Structures are given as C-alpha cells and as structure tokens.
Engineer: 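Mind having a look at this structure? Questions to follow.
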Amino acid sequence: MRYFSEKEEPATSTDELFMREALRLAKIAYQEDEIPIGAVIVANQQIIAKGYNLTERLNDVTAHAEMQAFTSAANHLGGKYLKGCTLYVTVEPCVMCAGASYWTQLERIVFGAKDDKRGYSALNEKIIHPKTEVVGGVLETECATLIKSFFRNKRR
C-alpha cells in the first residue's frame, strides 16, 4: 500500500478530482446525520457509481458508503466483478468493506483518511485482493477533518 504524507502530492490530479466527489457525498451524509463517508467507483475515467453511509436511515449496519457503491456499480456493469474499476472512499475501508472489495476484484482502492481503529489495515492488509493497488492519503486532511468534526459534535 502506498501512503502519502501531508507534504506529498497525491498520486495524480485524477485521484484528487474523484476524491473530491467522494468528499462531496460524505458531506451529504454529514448533513443527514450519517457517519460522513462517501465513495465513488470509476471505470474508464467516468463515475459509474456513488454511495455514502446510510446505516441510520436504512437501520442497516452493512449500509456503508462502499457497499452502496459496490451494489450500484455491479448493477451498472451488469455483473459482480469490478475489474478495471477504482474505488475512491474518504476513509480507509473497514474489514467488511475491504472483504467485499476482495470479491469485486477492484483494480485500485484510493482512500483519504486512515482509520487506525476500524480500518482494515489495522487488522490484516491481506484482506484486499492481491492484485488490487491501494493508495492512501489523498485529500487526507479534508477527509479526516470532516469525520473528526462529526464525532466531536456527537460527543457534545
């Protein structure tokens, strides 16, 4: 997994562009009092699926942003495999979402903020498909600020 420090540039401006869309979706989740995580799936430089956390609205612990995007992308493509696709997500995927990404056979996962408590890499990086490239730290500060703000407000 490649991880960018605060001082490094993201992998490409394309990664930053698509991460900004995921961040826009995370802000919608924030406004709806959902944990503010957004995700988009890209194929051939086009967004084919979007999602944000809906666990509260759907009363479903599996309704994470990534899971919403996986389902939408599979419907769009007409099959369960997302080969050649990239997942952009504002926070490092949890173990459930990382495990689901394994079965989709994504080409790449690009995330913003690391999740030291619940992120998949805290437990086992081998949960990601071995052919999937992982890039972390794209727009990290913006992504981390949003989620930290959400939980800070919840504790008040």
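Please read these numbers as outputs of a predicted model, since none were measured by experiment. Both backbone and side-chain heavy atoms feed into the values below; hydrogens, waters and symmetry mates do not.
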Engineer: Please give me the minimum heavy-atom distance between E16 and L139, naming the atom from each residue.
Structural biologist: CG-CD2, 3.5 Å
Engineer: Check residues 66-79 and write down every donor-acceptor pair under 3.5 Å in which the side-chain atom is one partner and the other belongs to a residue at least two apart or another chain.
Structural biologist:
unit_1	atom_1	unit_2	atom_2	d
T71	OG1	M67	O	3.2
N75	ND2	T71	O	3.3

Engineer: With side-chain contact (heavy atoms from CB on, under 4.5 Å) as the criterion, how do C85 and E107 come out once you've worked through the C-alpha distance, each side chain's angles and the decisive distance to 0.1 Å?
Structural biologist: CA-CA 5 Å; C85 294; E107 183 175 318; 6.0 Å; no
Engineer: Minimum heavy-atom separation for V61 and M96, please, with both atom names.
Structural biologist: O-CE, 4.1 Å
Engineer: Heavy atoms only: give me the nearest I109-P93 pair and the separation to one decimal.
Structural biologist: CG2-CG, 4.2 Å
Engineer: Do you reckon I127 sits in the same ILVMFWY cluster as Y81, going by side-chain contacts under 4.5 Å, direct or chained?
Structural biologist: no
Engineer: Verify side-chain contact (heavy atoms from CB on, under 4.5 Å) between V110 and M19, making sure each step is shown before the conclusion.
Structural biologist: CA-CA 8 Å; V110 178; M19 186 61 75; 3.9 Å; yes
Engineer: Should R20 and E142 count as an ion pair when the cut-off is N to O under 4.0 Å?
Structural biologist: yes
Engineer: Apart from W103 itself, what residues make up its hydrophobic cluster, given side-chain heavy atom links below 4.5 Å?
Structural biologist: Y102
Engineer: Side chains of residues 33-48: which donor-acceptor partners sit under 3.5 Å, not counting sequence neighbours?
Structural biologist:
unit_1	atom_1	unit_2	atom_2	d
D33	OD1	K154	NZ	2.9
D33	OD2	K154	NZ	2.9
E34	OE1	T55	N	3.1
E34	OE1	T55	OG1	3.4
E34	OE1	E56	N	2.9
E34	OE2	E56	N	3.2
E34	OE2	R57	N	2.8

Engineer: In chain order, what residues pass the side-chain contact (heavy atoms from CB on, under 4.5 Å) check against K80, with sequence neighbours excluded?
Structural biologist: none
Engineer: Shortest non-hydrogen contact from T145 to T141?
Structural biologist: OG1-O, 2.7 Å
Engineer: Write down the atom of F111, the atom of V134, and the distance for their closest heavy-atom approach.
Structural biologist: CE2-CG1, 3.8 Å
Engineer: Which distance, rounded to the nearest 0.5 Å, do you find between the OG of S101 and the CG of L87?
Structural biologist: 7.5 Å
Engineer: Would you find a donor on one side and an acceptor on the other, under 3.5 Å apart, between the side chain of E92 and the backbone of S121?
Structural biologist: yes
Engineer: For the atom pair CG (D115) and CD1 (I147), what is the distance rounded to the nearest 0.5 Å?
Structural biologist: 7.0 Å
Engineer: Working to the nearest 0.5 angstrom, can you tell me the gap between H64 NE2 and L54 CG?
Structural biologist: 10.5 Å
Engineer: Considering residues, nucleotides and ligands other than R118, do more than 12 of their heavy atoms fall under 6.0 Å from its CZ?
Structural biologist: no
Engineer: Could you tell me whether a side-chain N or O of T132 sits under 3.5 Å from a main-chain N or O of R108, the two making a donor and an acceptor?
Structural biologist: no
Engineer: Provide the full list of salt bridge (Lys or Arg N to Asp or Glu O under 4.0 Å) pairs with a residue in residues 36-55, sequence neighbours left out, each pair given once.
Structural biologist: E21-K50
Engineer: Listing request: all ring pair (Phe, Tyr, Trp, His ring centres under 6.0 Å) pairs with a residue in residues 131-156, at least two apart in sequence or in separate chains.
Structural biologist: Y30-F150
